[in-house]
Amino acid sequence: MIGHASTEDRDPYIFGDVRGLAMDTSGNIYVADSPAHEVRVFDSSGAYRYTIGRRGRGPGDLLQPCCMGMDSHGRLWIQETGNRRFSVFAIFPDSANFLWTIRMPAGPAREGSRWTFFHGNLQYISQTSLETMGAKRTARVVLDSLGRTVNELVLHEPPPDSLAEFVYRDVTPDGIATAANYVQPYGPTLLRTLGDGGEFVEAVSSRYVVIWRDSTGARITGVARPGARGAPLSERQRKYANEVVSSVKRRTRGAFPFGVPDRHPPLAGIGFDLNGHLWIQHSTPPDAPHEADVFDRRGRWLSVVQWPANVQLRGLVVNGKAALGVAADADGAQSVVRLRISGG
């Protein structure tokens with residue numbers, strides 16, 4: 001667990017809602033506490049050093065910080081959900097200096113999505129709605145330090161029938177056309193995440209088939225496991241899914257075409273760790289350890305790794321076998337933990 005505070009000075013070790021984690025080359029740890037509107041810095045031993053930011057909208061302020069990353073110059077980038085921007089800080093042993101912010105011009109990276117760096121610039125995945133109801137446009141966008149778009153790659157969408165999504169179109173009594181998008185609970189979803197250097201991986205969660213592409217969108221390699229199956233839904237999950245499906249069917253006057261699946265899709269998530277390895281997370285029962293396959297850039301399988309069921313590896317802050325995660329106890333209280341990933 002991060003920290004070894006006494007009763008009198010333990011406040012820096014109490015978190016409201018940890019939305020982001022980062023680690024620099026010296027092993028210093030950065031924790032984004034969203035409701036506190038700040039990022040706390042701990043040294044490699046877990047001792048608290050200082051705090052970055054405070055609630056606000058001005059330079060150096062933060063509003064609902066979440067995902068973070070270190071660029072090649074050792075600067076800390078913090079995504080702010082509340083301010084819809086990135087704030088950049090120079091990091092020193094006992095303080096951080098605010099440098100600049102970047103506001104995303106359109107379709108900002110959603111919280112939890114992977115953003116990284118491409119030739120020293122920020123890259124993220126932008127999704128915008130088109131004029132055609134229900135249609136989307138997804139692109140990998142690269143911004144320079146002034147927030148100007150310097151590169152944009154439009155990404156192909158998977159076939160609509162591969163995702164359990166339904167667009168319900170209706171007309172109001174005033175004659176206004178409307179469209180609402182609904183998804184099947186625990187149904188297949190699109191998985192896509194960015195790596196450094198413009199590379200990205202994509203998959204549909206219902207099939208263990210992951211494609212790795214370079215910065216131009218050309219295929220580098222792919223990995224697959226035919227016949228992979230997801231974990232069965234628990235009774236609690238099944239009850240929740242039945243409630244959602246019933247509610248959506250009422251809203252769509254029975255047009256919603258999906259029911260409750262028996263199982264989760266086989267893929268729970270995909271991402272890159274700090275070493276550039278690809279992680280493909282399996283779906284597992286709620287109380288079972290999390291599990292993932294790890295591959296190198298050539299698509300060669302390296303190992304299968306596990307970590308505790310109550311720990312989320314947010315942002316995959318994993319370097320070799322060492323990882324940072326967010327643990328939750330039975331009451332939902334959060335703590336930041338360091339753990340050693342087990343695997344062959």
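Because the structure is predicted, anything quoted here is derived from the model rather than measured.
Using a 4.5 Å cut-off between side-chain heavy atoms of Ile, Leu, Val, Met, Phe, Trp and Tyr, Val183 forms no hydrophobic cluster with any other residue. Apart from Ile211 itself, the hydrophobic cluster it occupies contains Val209, where clustering links Ile, Leu, Val, Met, Phe, Trp and Tyr at side-chain heavy-atom distances under 4.5 Å.
Here Arg40 pairs with Asp33, Glu38 under the salt bridge (charged side-chain N to carboxylate O under 4.0 Å, His left out) rule; sequence neighbours left out. The side chain to side chain donor-acceptor pair (under 3.5 Å) test applied to Ser234 returns Gln237, not counting sequence neighbours. Arg57 meets the salt bridge (charged side-chain N to carboxylate O under 4.0 Å, His left out) test with no other residue; sequence neighbours excluded. Not counting sequence neighbours, the partners of Phe98 by the ring pair (Phe, Tyr, Trp, His ring centres under 6.0 Å) test are Phe89. Under the rule for a side chain to side chain donor-acceptor pair (under 3.5 Å), the partners of His282 that lie at least two apart in sequence or sit in another chain are Glu291, Asp293. Thr101 meets the side chain to side chain donor-acceptor pair (under 3.5 Å) test with no other residue; sequence neighbours excluded. For Arg219, there are no salt bridge (charged side-chain N to carboxylate O under 4.0 Å, His left out) partners, not counting sequence neighbours.
Evaluation of the ring-ring contact (aromatic ring centres under 6.0 Å, His included) test over residues 219-265, restricted to residues two or more places apart or in two chains, returns Tyr186-His264, Phe256-Phe258. Legend: salt bridge (Lys or Arg N to Asp or Glu O under 4.0 Å) pairs involving residues 227-238, not counting sequence neighbours, sorted by first then second residue: Arg238-Asp262. Applying the ring-ring contact (aromatic ring centres under 6.0 Å, His included) test to every pair with at least one member in residues 189-218, sequence neighbours left out, gives these pairs: Trp212-Phe272.
Using a 4.5 Å cut-off between side-chain heavy atoms of Ile, Leu, Val, Met, Phe, Trp and Tyr, with links allowed through other members, Val336 and Met23 fall into the same hydrophobic cluster.
If you look at Phe42 and Tyr13, their ring centroids are closer than 6.0 Å.
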